[in-house]
Each structure stands twice: as C-alpha cells, then as structure tokens.
Amino acid sequence: HATEPEKTKLKIAVGSQILNYMPVELGVKLGSFKEEGLDVTVENFQAGGSKALQALIGGSVDGTIGFYDHTIQMQAQGKQISCVFLLNDIPGVLLGVRSDLADKVRTGADLKGLRLGITAPGSSTETMARYYIKKSGLGPRDVNIIAVGSGAPGMVALEAMNVDALVYFDPIATLLARKKSATALFDARTIEGSKQAFGGSYPTACLYLQQSFINKNPETVQRLVNALLKTHRWINATPTEQLVDAIPPGYKTDNREVNIEIMNASKALFSPTGQMDIEAAKVPLAVLSDFDPKIAAAKIDLNKTFTNRFAERAAQQLK
Amino acid sequence: MSRRGRVALTQFAIVLGLILIWELGVWAGLIDSFFFPAPSTLVARIGEWMSTADFWTDIGITLLETVLSFLAGIGIGTALGIWLGLSPFAAEVVQPFIKMFNAIPRILLGPIFVIWFGLGLTSKVALGVTLVLFVAFFNTFQGVREVNPVVLANARLLRASKSSLLRHVYLPSATTWILSSLRVSVGMAVMGAVVAEYLGSSAGLGHLIAQAEGVLDATGVFAGIIVLSAFVVVLDAIVDCAEKRLLVWRPAPAHES
Amino acid sequence: MSRRGRVALTQFAIVLGLILIWELGVWAGLIDSFFFPAPSTLVARIGEWMSTADFWTDIGITLLETVLSFLAGIGIGTALGIWLGLSPFAAEVVQPFIKMFNAIPRILLGPIFVIWFGLGLTSKVALGVTLVLFVAFFNTFQGVREVNPVVLANARLLRASKSSLLRHVYLPSATTWILSSLRVSVGMAVMGAVVAEYLGSSAGLGHLIAQAEGVLDATGVFAGIIVLSAFVVVLDAIVDCAEKRLLVWRPAPAHES
Amino acid sequence: MGRPGLAVDLRDVMIRFGDFTAVKSMNLQVAETEFVAVVGPTGCGKSTILNTVTGLLKPAAGDVRIFGKSLTGLNGQSGYMLQQEGLLPWKTAQDNVGLGLVFQGSSIAKAREQARPWLAKVGLKGFEERYPHQLSGGQRKRVAMAQTLIMEPKIVLMDEPFSALDVHTRRLMHRILLDLWQADRRSLVFITHDLDEAITLADRVVVMSAGPASRMVADVRITLPRPRDVSALQTTDEFVALYREIWSLLGAEVEKSYVTQG
Amino acid sequence: MGRPGLAVDLRDVMIRFGDFTAVKSMNLQVAETEFVAVVGPTGCGKSTILNTVTGLLKPAAGDVRIFGKSLTGLNGQSGYMLQQEGLLPWKTAQDNVGLGLVFQGSSIAKAREQARPWLAKVGLKGFEERYPHQLSGGQRKRVAMAQTLIMEPKIVLMDEPFSALDVHTRRLMHRILLDLWQADRRSLVFITHDLDEAITLADRVVVMSAGPASRMVADVRITLPRPRDVSALQTTDEFVALYREIWSLLGAEVEKSYVTQG
Ligand SMILES: Nc1ncnc2c1ncn2[C@@H]1O[C@H](COP(=O)(O)OP(=O)(O)OP(=O)(O)O)[C@@H](O)[C@H]1O
Ligand SMILES: Nc1ncnc2c1ncn2[C@@H]1O[C@H](COP(=O)(O)OP(=O)(O)OP(=O)(O)O)[C@@H](O)[C@H]1O
Ligand SMILES: [Mg+2]
Ligand SMILES: [Mg+2]
C-alpha cells in the first residue's frame, strides 16, 4: 500500500443482524479488515436500521451498513451521506400469504382487503410493501398494514391468523417455506423475483458514510471497501456448506440444515462487485417518492448518494 | 401572590426558558434539528395531528391500554404485596422469583406476549402490567410490614378478624406506600403501552412514534413524546385527587417552617 | 426443620416442578420448543456459553453497567427525593416535570443517549440511571415526608442543623422507603443495561440476547434471561445484607402469630 | 388444673427478652369479679405481665390460665387498654371507639351510634369527628379507654389509664370504671403509679419488686368498705396505714434498684 | 417592650386550630430563675402553650417574647421535653441522650461519654445500648428527660415529665431537677396533673380554665420556704390550704366543662 489509512480503529453499525448485512461481520471474522490494517468493531442496533443511521449522523460510529434508501432520505433532510459499497443489489425480501389463502391470492391485486404484516412502521419493509401494492393497482387504503415486529412475532402473527400476508426476510422465509405455512407472491432473493416485484434490481444494504468522513479519510474508506469486496468474492467462491460454517453466530440459526437452505436461496444477494448501477438507484427513489411526499418534493441528486470510485479501485487493486 | 400562583408562574418560566433556549439553539445552528427539532415545529406538528381523526383514535387506544394496564397492574401488585406482606413464609419462598421476573427486560417479553396474546389489546396491556406490577408489589409489601406494631396489637386485641385487620389496619397504614407507587406506576403504564405498540401494532401513540422514527422524522418522535407527557400529567392529577381524599386523616406534612 | 431449610426446600420444589412440567411439555409436544425450548437445552446452552471467554466478558460488561447505573441512579434519585421532600415549593414546581420524564419510553431515549454519550459505557449507564432514578426518587421523596412529626419536632428542639436533621432524622426514617425502592431498582438497573445493549452495542448480555433473537434462537434468548435472573438474585442478596445492617434498631416485623 | 373461679391465673411465669430476664417468677391470681391494682417501680415488668395475660407475649416459662384454660394465641375474654397509644390514626374519635363493635360485625352507622354516648361519658362530646392527632394526650387516653370499655369484656386490663388526666377528671373516670365493674361484676386488673388510686379502687394491691428479674413482693388486701368516698377516706387511719405500707414496700424496692445499678 | 428579667412573656396569646379556639387569651410571665408549674383540666391547652413558647406553634394573635425579644422561628434558649414520645427509634438510649451534644458539634464518642453519667442519674445504668422500643414507658420518659436536661438550657420546659413514674423514682427525678435549677438558677416551666408535685416544686402554680377557649384562671404563689421536704410538708396547714385552693379551682373548671358539654 502506498499510503497509510488516516484512521485505523473504526466502528461500523448494523441495524440488527439480518442476513443482508452479514458480510461485514464475516469480514471481521475472516480477518479481511485486519489484512487492510483496520481494526473494525461492529455495533449492533437491534431496534433497526434507523437507529444505526442515527448513530452515524450523531457521530457515534464511522460507518453504517444499512439500506440505500437512507442516503436518499438523508439528502432530503439536508445531510450528506454516501454509499461506497453496495452489498446487495436485490432486496432479499419476500411477500407471502398464508397457505390457506394461497389459492385465492395469486397476485398483488388479490391483497385487497387483507391484513399485511410489516416489521415496523416507516421501515423499508413498509415502503417496499406499499410500492408493490401500488404497482399492483391498489390504493393505499385497500390493504390494512400492521406492524408485527421482526422475527418470530411476525411468523406467529401469520400462523395465528392475526395477519393474512407478511413481508419477511430469511431466516423466516426458509422456516415458513419448510413449514409450508406461507406462499410467496414474490421472492426478491433472486434477480427474477426482484424484477417481478420492483421492475428491476433494487439496491438495499450498502456501506454508507458521512460525506465529510469520506473526504477526510479516503484511504481508510478505500481499505474498508477492499475488505468488503474481498469478503464478497470469498462468499461467492466458497461452497455453501463451508460458507455456513464460517458465518458468524448472529446470522445463522442453530440448525445447520436450515442454514444451508437459507444460503442456497439467498446467495445471489451478495453483489460480486459492490458497485451501484445508476438505473437501479432510481428504483428506490421512485419507491420512496411514492411513499413520502417530502422526498418527492426534494430535488434528489442521486449522484451524491453513492460513489463507485472506491469499489472500482478495489476491483483493480484486488486483481 | 398565592402559593399556587407562584408555583404555576415558576413552572411557566422554566418551560418558557427551556423552549426559548432550544428554539434559539436550533436557529443558531448549535442544536442539530435533525435530532432535536425546534419547539415551533413540534407545536406545528402536534397541531397538524390534532386536526386528524386518526390521531384521536391513536390517543384513545393508548389511553385505554394505559388505564387497563395501570388498574390491572396495581390490582395484582397490591394483592400480591398484601398476601406476601402478611405471610412471611410465602414471602420468603416467592420473593426471589418475583425479583427474577422483575429483571427480565420488557423488550424481550413483548414478542412472547404477542405469541401468547396476539396482536390486540391484551398483549399491550400484559406488557404494561409487567411494568406496573412490580412497583406496586414492592411498595405494598413493605407498606404492609411497616404498620405500627402498637396500633396493630390494639386492633388485634379488639378481636379484629383477618379481613377486618386488612381493611381497617393494614390497608390504611399502607396507603401512603401504595400511593407513592402509583406515582411511578402511572409513568410505567404509559411506557408499557407505548413500548408494546412500538414493538408491533397498527395504531396508538407508540405506532405513531415508531412510524416517525422509521422515516427518521425526529419532529414526529418528539411531538409524540410531548403528547405522552401531557398524558401522564393528566393521569397523575387523578392520582393526586385520590391521595387528597384518602389521606384527610393525616397531620400536615412535617416540614421545617 | 429450620425455617430457612423449609423455605429453601419449597423453592427447590417449585423450581423443580416448573422445570419438569416444562420439559415434559416440550417432550410431549404440548409446548412448542421453537418458542419455549426445553430446560435441558437451556442448561446445555448456558454450559456451552460458560466455557467461552467471550461470555465472561459479556457478563463483566453488563455487571459493570448494572452496578454503575444502580449506584448513580440511587444516588441521584435519593438526593433529588431528599431535596424535594424537604422543600415543598421546589417539589411542587419540579414534580410535574419529573413525572413527565418518567413517562418517556426508554426505548426512545436509547438513541438520544447514544448521540450524546457515544456507544460506550456511558450511554448504557445513562439509560439504566433513567430507570432506577425515578423509583428511588418517588420513594425517597415520600419517605422523607413520612417522618414522624413528634420525632422531627424533638430533634429540631434539640437544635439540629439542617444537615444534622438530614443525617440523624430524615435519612434513618426514610431508610425503609429507600431500601424498598432498591428492590425494584436492582431489576431496573439490570433491565436498563440490557436494553441499552440491545439497542446498540458490540458486547454484553443484551448483545448476546439480541443476537439470539435475530436468528430466532429462542434457546439463546431464554438462556440469556436465565443468566440475567441469576444476576439479579446475587445483587439482591447484597441489598438484603445492607438492609439487615441498617435496620438493627427495628422491632421484629409486626406479624400475626 | 386452674382453680375454679379464677379469671386470671399466672403460675411461675417467667418473661425474657433475649437474655434479659424481665420477670423472674410471677404468680398472680385474679378471681372473677375481683379488682386488682398492680404497682411497682418503673421498668419492673408490669406492662410485660399484662401483655402476657392477653397473649401478646409468650412467657419463657410458666403457665397462663384464663378461666381455667391454658392460654393459646390471643386472650379472647379480655379487653386491654395499652400503655402506649394504639388508636388508629386514620379513624375519627367515634370510629375508634366503635372499632371493636365493627370488628364484631356491627354496621359502621350502628357502631357510631353506640360510640357517641361513650364519648360523652368520658367528657369528649363535640370531639366525635376529631382524628387522634387533633386530640390532646389526655383526650386520646380517654378515647382509648372508651374503646376498651365499650366492648364490656369479662376481664378488663388497663395499663396506667389515668396518669395523663387531671385529678378531677380522673375521679370521674374512676366512677365510670366502678359503675361498669359493679353493674356486672367483672375482673379488673389495672396498673397505676398513684397509690391513692390503687387503694381507693382495688380489692387487692399487688406490689412488684424492681427489675430486672422482678417478682411479686407483696399482695395487700384492701378491706376498706365499699362504696368508698375518696375525700373522706384519705384521712382515715386505715387508709393512711395501707398507704404507708405500700409506700415503704415500694420505696425499699426503688432504693434497691439504685443500689444494684451502682 | 418585654419587661426586663422575664425569660418568657406571653401577652394575650390566642391559639387556634382551624376554627377551633384552643386558647383564648393567655398571659404568662416567667421571670429568669423562676420555677412555674402549670395545671389545668385535660385538653385545656397546656401542651399547646408550651408549643407556642418553643415556637412549634404560631399563635393566632398576641405576642411571644423570650428574654425580651419577639420569638421568630424556634426558640433557641429553651429545652423542651414533649408530652409525646420523641426519641429517635433508630438510636440507642445513650445516643438519644447525647443527641443534642452531637447536634452542637460533639463527636459521637464524646457525646456518649457525657450521656452515660446522665443515664445513671435517671436510673438507667445498664440500659445504654437499648433501643427505645426495648424500654418500658417510664424508662423512655427518663431517657427523654436526660436528653433535654443534658443540654442545660436556659429555659427548661417539661410536659408531664413524671406522670409515668412511680412515686419514689419521681422524687429522685425531682431532686435532679431541683439540683439543676438551683446550681445555675434557670427558668423552669412544667406541666403536671399532680398537685403535690406542683406545690412542692414550684414558685408559682398557674391554673388554666377548661377548654375550649381556655385562659388562665389563677396564678398561685407558693411561699413555702426552700429547701422543701415533701414528707414533712404535706401535713402542714399551709400546704393543705394551697392544695385545697388549687384543687377546688380545678374542680370548678372540670365541672364547668362537663356542664357546657351537656
Ligand atoms: N422488647 C424488649 N426488649 C428488651 N427488653 C424489654 C423489651 N420490652 C421491655 N423490656 C424490658 O423489660 C422490663 C419491663 O418492662 P415493662 O414495660 O413491663 O415495664 P413496666 O413495669 O411497665 O414499666 P413502666 O412503669 O415504666 O411502664 C424493662 O426493664 C424493659 O427495659
Ligand atoms: N392539631 C390539632 N387540631 C385541632 N385541635 C387540636 C389540635 N391539637 C390540639 N387540639 C385541641 O386543643 C386543645 C388543647 O390541646 P392540648 O394538647 O394543649 O391539651 P393539654 O392541656 O395539653 O391536655 P392534656 O392534659 O390532655 O395533655 C384540645 O381540646 C385539643 O383537642
Ligand atoms: Mg409499663
Ligand atoms: Mg398535654
């Protein structure tokens, strides 16, 4: 390396330990960051991505692994944060209905009048759900949206018939599939599913940082990105079984069989390049504008919400 | 000026002072309005909310949950406190368990209650109860044991039955203890309801706040907090009335002149 | 058999009974082990944890946070309670604000504290303090005002200064009140630390539990809860010792024979 | 094995607090319809003995028999006016007086109705609605007395009931007590420091030794004819002789206690 | 405008509780070095007046002067032994006695050292480490007395200090009180229901009318020469005359109160 990193001790926040965010902790475990001369601690905000974002804005952490949406929302509020490495270019989200309704509900339009569970109000599950509903030709009040919390409670709510449909991620997706208690209307763990639901790829988890931090510590950022790209390449090159064993504890269940199933279904999640496609970036903007009039009103400059320059350089450096 | 007047004036001055500092701080850029939005925007937001029907439904739901969990929590906690306060053996046996339960973070109980009681009112009330219950229990328990031994002996010598003792001696004697626990409990009940809504629901103040938080709308969060506070002040006024009625028999509090 | 022995035996029987029912329930399929894993697996998990160094670090961190927030919360709450208990005017002015603060759900305060105090120990302790503080405050406040007016008058007639009154009259008189609040506070301190860790951290028991919850690992969640409970029982034993030492002067509690 | 006709029968009763022996060996027999006064140096164990008779204290050794039956739990036949104040601070004077009636199942209204004449009797008309803390020391004592006597117990035990009253009011209270006793001859045990009072009221005056490890030192039978007119009596030779006797017994005890204390 | 040489000077003092007038108009002058006894029917307002002298109660009207100065706040010159028990339940007997010394800045060890002889004086040697609830009624009263007197206040106020003591112990306590008074002639005001006690101890006996709206009805000067030997005195004509006078004054008051109560 030509230059030394400006800062070696770094804190990265994740908003709860969902599979989408897994590479950063895997990177820590594999030593990818250490190889780049960085000492990275991952801080988990179990209550969700918005808390992780607040920690970044408040200066408690240096970077956050969170949804790309946040960079757009923040620009609307006058904060400059920028995505430097895209972890997922598909959302990994599913929308399923209870199995007993599977015959009646086959498309988004059939959700009319049903109760749809999301993780938390205002969360990306809600924005995505609302976008999908609208795309299916329904009005905002045609579906009852209920927050059921993430994880087990959502699953229970579906099984106990408290809700008719649910927006969910892995590992719930795999568990529900195994129990055959839900049928997916779309499965955005794959490119096709994402296309079907959102009309294209949909950038979700990414590493974003404050613009000022990026300006001040370019070498540090570069190394972060290097380490992440290295990890992603490792994920894509490693057989599922071995990968499952390597995954840090917070991201896998205690059932190895289920874990393998999950990884098989979700491996496509992890972008091989970490680079953002400007066309893809327009999708979340459209979704958000739809949901929040303030974002629609703000003139969002998407070029300021992400930069590929670190990922491109990393790709060169890691050849 | 009357004492009440002076109190109100001082309170008003404090509130006004804080609001001014805050507002000016935001204006001057010393306070980041992303985290701490200016009071004026908060007021505007609350005004906006008040003109929607949804807001009043939310308030109604949260109020119902709060009141139910308050009453149920106080009821159970007080009953448990009296029972254990009067039976030392049972107390020694049961107390460690109660203390253990009290240490379970309520955030973790939320999902379990959703599993048990579903997404409706019950799970919200259950969470509130678990917060209120312990405060009421520990104070009642101690209050019952604090009864003046001479007064108790006298009542027993007048051949009071167990239930008479409870009604005429233990309960009046524990009243200040129970009332003191109500003060904490009011806040706890509100907190319980809101946290439960926050963890999963489709309506209520907690939902409103969670929604605002989800879209990183600090104004909404703070406006919600302010509404909650107003809420507590109103509920607490009711406890005050109860206190005044129940404690007519006491000498004026022993203050230095 | 001695009374202590009988108590311990009954407790043991209760615990054993519950565990047996639970375990059998899981075996028989009546209890879904996905949500409520069998006690045997919990024990196994805790055993597993105990053999890792990380676990002990987690425990150490949480313990430190708990103890600090307990001490700080009690200190601030008691001081505030004494101050307001002794100055009726200040009490009337300040009390509504205290009650309002008490109603703010601590989940919402978590992020604010992270902003103010960073992600380290301080923000965790701050959250714990906000839970402990109010319990200690309300009880101390009431305890100070409950002092026997004749005893107080007598001490004043012996020309006690304000600080002497505090030390020799108000504090000893409020001791039972303060001790009673400690019982609730122990649990609250643990809860505060764990919730804060749950809201954002890289270590500690709360982190451990959050991690388990994220992957639907009920075994981990329950094992964490059990460790917390053990925690509280130990801390509470310390409060018990303090109580025994501080209250030597009291007549044996007035129980019915 | 209690003698027939004995309301209270203490046999070799020993009372200890930890390793402090308050009463070493007390034998006290009170017949039905008897009026006994107990006198003794301060701190000798008088209250302790009444506590034992009512079952508030368990003796470390010896036997307590009430109407021939060994006492277990609280004594259900006695009414006891404690030395310390035991009024319920959250009840008005009349509710305090009617308390025992309420405990026996009376309605509150009825208990009040019965309590009011008793309050008037003890000179507290107009104070029905006062809470204990709004009464003077002597007024509280009288409320406590009415509270005990309204129950018309078979055995009346009173611990320094009149010490906080002025001489005249005290005489009025004596009258009430004697009337009650004579109307339906009950057993009465009362503790006093006023020897005049003891001699004019009682059939027997029991003198206790100084504590600790106190015992009975004398049991003086008062043979003065009833009804006794206090003012007339006090100058009679018999009265003076009795007074002297008890006075010097007591004096010796108090002196002894000062000597042993060193 | 207080007269010189007056330790306590109450002028037209009126005391009310809500709309209940306890004392209508009280005038009480106590000279420096004077020993005054206050007697009166129960509930007439004696304690209330001492509370006013110490500043615990504010009069509704009238003037309270202590050594010529109008009283504001608590009276710093007086020691007051309350009628009710005011011992700190969490302090042992010796710590209770030494309490005032500690408040004045003594170390605890030093206060204890000074407290022990006082406990022995009031006959409580061996009870130093007892908590109040482990003492008998009379023992607590003596601790309270020692607690007040150890401070050697300029004005000593006592509310029925000896009523819970037997006659002999009471005499011993009188001795202590008189010794203290004579050694460094203080002002002494004490309330009692025992007329013998009032006459043998005091320079003046103040008689109050029955409550409510009580006032002073007589101020009897006791001219018996000091030192007074109680046993010898009680049969003298002068003593008997004084006793009769006060006795009948009181009797009339008590009767009146029963009449007004109906
Ligand atoms: N709880 C206790 N613990 C230890 N000692 C006690 C306790 N209660 C009473 N005593 C002691 O027992 C003795 C007798 O007490 P008791 O109250 O019976 O005295 P008494 O004769 O009623 O005195 P008085 O005339 O002063 O009321 C006293 O020496 C007292 O100190
Ligand atoms: N807090 C109060 N509220 C109302 N009335 C009161 C209060 N305190 C005292 N009183 C009344 O004032 C009168 C005088 O009371 P005080 O205690 O001075 O009587 P006392 O002369 O000391 O009587 P005793 O000899 O019985 O002690 C009584 O009638 C009493 O009922
Ligand atoms: Mg006694
Ligand atoms: Mg009095």
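As the structure is a prediction and not an experimental result, all values here were calculated from the model. Numbered from 1 within each chain, the chains take letters A, B, ... in sequence-line order.
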* **CA sep, side-chain torsions, deciding dist, call: R140(D), Q84(E), side-chain contact (heavy atoms from CB on, under 4.5 Å)** => CA-CA 11 Å; R140(D) 280 196 292 267; Q84(E) 282 174 277; 3.3 Å; yes
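- Contacts from residues 156-168 of chain E to chain D, taken as heavy-atom pairs separated by less than 4.5 Å, involve E160(E), S163(E), A164(E), L165(E), D166(E), V167(E), H168(E) in sequence order.
- Only the side chain of L172(E) comes within less than 4.5 Å of a heavy atom in chain D; its backbone stays farther off.
- Looking at L135(D), neither its backbone nor its side chain comes within 4.5 Å of chain E, counting heavy atoms on both sides.
- Counted by atom type alone, T42(E) and R142(D) present one or more donor-acceptor pairs between their side chains at under 3.5 Å.
- Both the backbone and the side chain of Q139(E) come within less than 4.5 Å of a heavy atom in chain D.
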Per-pair distances, 0.1 Å, donor-acceptor, side chain in residues 238-250 of chain D, under 3.5 Å, sequence neighbours excluded:
from, atom 1, to, atom 2, distance (Å)
E238(D), OE2, T223(D), OG1, 3.0
S248(D), OG, R244(D), O, 3.0
S248(D), OG, E245(D), O, 3.0

* Are Q134(E) and F20(D) close enough, and set up right, to give a side-chain contact (heavy atoms from CB on, under 4.5 Å), and what steps lead you there? -> CA-CA 11 Å; Q134(E) 299 173 316; F20(D) 177 84; over 6 Å; no
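- Considering every non-hydrogen atom in both S136(E) and G43(D), the closest pair reads OG-CA, 3.4 Å.
- With a 4.5 angstrom heavy-atom cutoff, S47(E) does not touch chain D via any of its atoms.
- Surrounding CG of D237(D) are at most 12 heavy atoms belonging to other residues, nucleotides or ligands under 6.0 Å away.
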